[in-house]
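Worksheet for the structure shown next.
Naming convention: chains lettered A, B, ... in sequence-line order (proteins, then strands); numbering from 1 in each chain. Computed over heavy atoms, backbone and side chain alike; hydrogens, waters and symmetry mates excluded.
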2 protein chains.
Amino acid sequence: MTNAHDVLFRTLSDPTRRAIFERLCREGEQTVGALTAQSGVSQPAVSKHLGVLRQAGLVRDRHEGRQTHYSAQLGALAPLTDWTNQMNAFWQSRFDDLEDLLKRMDQ
Amino acid sequence: MTNAHDVLFRTLSDPTRRAIFERLCREGEQTVGALTAQSGVSQPAVSKHLGVLRQAGLVRDRHEGRQTHYSAQLGALAPLTDWTNQMNAFWQSRFDDLEDLLKRMDQ
DNA sequence: TCAATCAATAGCCGCCGAGTTATCGATCCC
DNA sequence: GGGATCGATAACTCGGCGGCTATTGATTGA
């Protein structure tokens, strides 16, 4: 049961790959060449990372002649925020419970 | 430059480990034995995962006789929400720029 | 037409991490 | 004290993943 959380966490866990995604968020659409120039790794490595990001739905590609432009798809982060909200909700629900409230007073 | 995001994403990227953390969020404090019973992996594997979670600040341990009780530390998730908020902020900021550009083109 | 550029793919390698079994230290109970 | 239980550690295996170079395919432009 490999859900959306698995894919997102797994995809974003690599620093190089996450840096690429962050850059696309900051600066908008970028070509593979531009991304490679600042990534510190080879062009094939960047292409692989972009493939993983694309399969996770975090980026989309647009072909224009020889170049491929990639851009961030921020909506794909929704499951991530949902997950953290859910964890907080669990926490909150237990916190409302008197027994758990007392149990947590020593923290 | 291994920041808090690296640690969090890396720690939560493993499904087994994330399941342990989720369970601690849902059900509160649990012993290693209880966590092992439902994890599907061996006790040493669970202990290792708990060690990783502890080093990431996501759980704390409390010793009581032979048993060790673990509980979730939800505050440690803050860098994660910060990160997603930041990504959204970048995207929003670029969207505002585009809006300004279009607004100026109208005039 | 042909050289040059861009990005993707193939193929390979090395390492890290998640899993295992075995064991140890500590604690509980009889 | 001695056996049993709990959890951490040791030592090892193995698969996957991130990196590389080399190559291919496609497109550009001289």
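The CG atom of A/D6 sits 15 Å away from the C1' atom of C/dA18 (whole-angstrom rounding). Atom CG in A/D14 sits roughly 14 Å away from atom C1' in C/dC15 (whole-Å rounding). Whole-Å rounding puts the B/Q67 CD to C/dC29 C1' distance at 14 Å. When the C1' atom of C/dC15 is taken as reference, atom CZ of B/R10 falls 12 Å away, rounded to whole Å. Going from atom CG of B/D61 over to atom C1' of C/dA26 covers 15 Å, rounded to whole Å. Residue A/I20 contributes atom CD1, which lies 13 Å from atom C1' of C/dA7 at whole-angstrom precision. Going from atom CD of B/E64 over to atom C1' of C/dA26 covers 15 Å, rounded to whole Å. Rounding to whole angstrom units, CG of residue A/L50 and P of C/dA8 are separated by 7 Å.
First and last contacting nucleotides of DNA chain D toward chain A (any atom under 4.0 angstrom from a heavy atom, 5' to 3' order): D/dC17 to D/dT28.
Checked against salt bridge (Lys or Arg N to Asp or Glu O under 4.0 Å), A/R10 has no partners two or more places apart in sequence or in another chain.
Residue A/T68 is in sugar-phosphate contact alone, with no base atom involved, counting any heavy-atom pair closer than 4.0 Å across all strands shown. Nucleic acid contact class of A/A45 (heavy atoms, under 4.0 Å, all strands): sugar-phosphate only. Residue-level contact check: B/T31 touches the backbone only, with heavy atoms under 4.0 Å from sugar-phosphate atoms and none from bases. Heavy atoms of B/S47 sit under 4.0 angstrom from at least one base atom. When heavy atoms are screened at a 4.0 angstrom cut-off, A/H49 is found touching the sugar-phosphate backbone but no base atom.
Two residues, A/G33 and B/P44, neighbour DNA chain C, and the one matched to the more 5' nucleotide by heavy-atom proximity is A/G33. Of the two residues near DNA chain D, B/V32 and A/R66, the one whose nearest nucleotide lies more 5' is B/V32.
A donor N or O paired with an acceptor N or O is found under 3.5 Å between the base of C/dG19 and the side-chain atoms of B/K48.
The structure places CG of B/L53 at 11.5 Å from CG of B/D61, a figure rounded to the nearest 0.5 Å. If you take CG on B/L24 and CD on B/Q73, they are separated by 10.5 Å, rounding to the nearest 0.5 Å.
Heavy atoms of other residues, nucleotides or ligands lying less than 6.0 angstrom from CZ of A/R62 number more than 12.
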Let me have the donor-acceptor pairs involving side chains of residues 41-49 of chain B, under 3.5 Å, with sequence neighbours excluded, atom names and distances please.
from	atom 1	to	atom 2	distance (Å)
B/S42	OG	B/A45	N	3.4
B/Q43	NE2	B/S47	OG	3.1
B/H49	ND1	B/R17	NH1	3.3

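Picking from C/dA26, C/dA8, C/dA18 the nucleotide with the shortest atom distance to the side chain of A/Q43 gives C/dA8.
Contact check, B/T16 against C/dA18: no side-chain N or O comes under 4.0 Å of OP1 or OP2.
The aromatic rings of A/W83 and A/F9 stand perpendicular to each other, their planes meeting at an angle above 60°, with 30° marking the opposite boundary.
Using a 4.5 Å heavy-atom cutoff, the side chains of B/L58 and B/L8 are in contact.
Between the side chain of A/D82 and the main chain of A/N85, no donor-acceptor pair closer than 3.5 Å is present.
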